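Structure first, then comments.
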Number of protein chains: 2
Amino acid sequence: MRTTARGAATRQRLVSGAALLMREQGAAVTNLDQVLRATSTSKSQLFHYFPDGRAGLLVAVTSYEVEQVIEAQRPHLDDLSTAKSWREWRGGVLRHYVELGERCPMGSLTSELGTSSPEARNIVNGLYDRWEGALMAGVQAMIVNGAVRPDLPVRDTARSILTAVQGGVVMLRATGRLSYLETTLDTTLEPLLGTPRAAA
Amino acid sequence: MRTTARGAATRQRLVSGAALLMREQGAAVTNLDQVLRATSTSKSQLFHYFPDGRAGLLVAVTSYEVEQVIEAQRPHLDDLSTAKSWREWRGGVLRHYVELGERCPMGSLTSELGTSSPEARNIVNGLYDRWEGALMAGVQAMIVNGAVRPDLPVRDTARSILTAVQGGVVMLRATGRLSYLETTLDTTLEPLLGTPRAAA
DNA sequence: GGACAGCTGGACGCCACGGTCCAGCCCCGC
DNA sequence: GCGGGGCTGGACCGTGGCGTCCAGCTGTCC
């Protein structure tokens, strides 16, 4: 059962194609035939790489989308030790959602993929943990650097920021307006960056 | 086609029963047979009251759940003119989500019902508008009363709070932890209530 | 109390969709 | 260049679930 380069490519095509479709129209209404058509594959290939069928594909798509979410915040997420890098991170996040609008990976993750199975749920929770960890490291670094008051609660601050992004994305998907994300990010980043709106 | 008391009761039973099922297990996996069983009704009744079938029922459930969300914030949402009433509102919201946990109406609204059809989407957007309006009225009242600095941006503040609740609910559903909602509410209410954690 | 309109029950049809199967192709390894 | 195992195509099947239909009941109005 050694998988060759061609096989890996087909599998990859299935996952990314399915992810795209599910972002556009929702996971629930995306059926296998659509995925096959969009990726120029056939039933047997899908079931070859995902013996559990649809369920397995959903899990793979969930993992894939989690990576997309993290990737979209690179490289800033990995080094949030200065006010400048926080501002750049913020800018990058906003730009990303301006670009993708309602078709963002986060949306399908939280609303559909994350609840599709216990396994998928764990994967999404893993995303939140990684994310929160990176934000916490950033807050901690800001404290160590003396850029913010030392009694700032590290975990709570990180959680507020993460929650702000989630809420902003929900409202973006619902209303199409970015202002919710923008405003709330300003509010929650205020302890780190001082007066909001200092940088767009 | 005048509808009688008995008919109205049957219709109501269908809507609230369907809403309950959809909160528990998700709208996508809730089928009509389950709704019929849970509400002691039959196919013909459902299609009698909802000629559009499942789609029409979903719209009705959406409206119903929107009312539940507003109702859960009563009476505080209608008069947020003092720090006390804001604190009571905050406490009420938290209590509500402690109680319902992941089975809250908000969750199914944002993640499933709101995207089930353009009509449902409009209904959910109406909820956000009403909600934001009530919060704005509260912020404005606080300014008029001189309880907060007059240059506080009314709309942005209201939007931050609304977004905080959304994000908190998302994280609650994902992780089962209430702390995200709690923390972010504290952060966003800070401009109105001063130092957070003054009241549980 | 009779008649008509609303209301109810459940059997039935249809089809979309997930999943199975197998015959044949391609490509790596020797 | 040849053998074999991964890889591919597509026909096929079973079923769950939405929606239809009609016969019979109920209850309201005159």
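Worth saying up front: this structure is predicted, and the values here are computed from it rather than measured. A note on names: the letters A, B, ... follow the listed sequences, proteins ahead of strands, and every chain is numbered from 1.
- F47(A) has its CZ atom 4 Å from the C1' atom of dG19(C), to the nearest Å.
- The interatomic distance linking R37(A) (CZ) with dG18(C) (P) rounds to 11 Å, in whole Å.
- Taking atom CG on L46(A) and atom P on dT20(C), their separation rounds to 12 Å, with Å as the unit.
- When rounded to the nearest whole Å, the span between CG of D52(B) and P of dG19(D) equals 9 Å.
- Between the NZ atom of K43(A) and the P atom of dG18(C) there is a distance of 7 Å, rounded to whole Å.
- Rounded to an integer number of Å, the gap from CG of L32(A) to C1' of dG19(C) is 9 Å.
- For S44(A), whose side chain is taken as the heavy atoms from C-beta onward, the closest listed nucleotide among dG6(D), dG19(C), dG9(D) is dG9(D).
- Taking atom NE2 on H48(A) and atom P on dC22(C), their separation rounds to 17 Å, with Å as the unit.
- Among dG18(C), dG19(D), dG10(D), the nucleotide with an atom closest to any side-chain atom of S42(A) is dG10(D).
- Phosphate contact (OP1/OP2 of dT8(C), side-chain N/O of Q45(B), threshold under 4.0 Å): present.
- The residues D78(B) and R74(B) are annotated as salt-bridged, a charged nitrogen and a carboxylate oxygen being separated by less than 4.0 angstrom.
- In terms of hydrophobic clustering, with Ile, Leu, Val, Met, Phe, Trp and Tyr side chains grouped at heavy-atom distances under 4.5 Å, V69(B) and V93(B) are assigned to a common cluster.
- Positionally, the nearest nucleotide of DNA chain C for V29(A) lies more toward the 5' end than for the other of P51(A) and V29(A).
- Y180(A) carries R159(B) over the face of its six-membered ring, with the cationic atom under 6.0 Å from the centre and within 45° of the normal.
- Using a 4.0 Å heavy-atom criterion, one finds that Y49(A) contacts the sugar-phosphate atoms exclusively.
- Note: CG (D33(B)) to P (dG19(D)) measures 12 Å, nearest angstrom.
- Look at R121(B) and E102(A) and you find a salt bridge, because one of the NZ, NE, NH1 or NH2 atoms lies within 4.0 Å of a carboxylate O, short of that distance.
- For the OP1/OP2 pair of dG9(D) and a distance below 4.0 Å, the side-chain nitrogens and oxygens of T41(A) include no atom meeting the criterion.
- A salt bridge does not link R95(B) with E88(B): none of the charged nitrogens is closer than 4.0 Å to a carboxylate oxygen.
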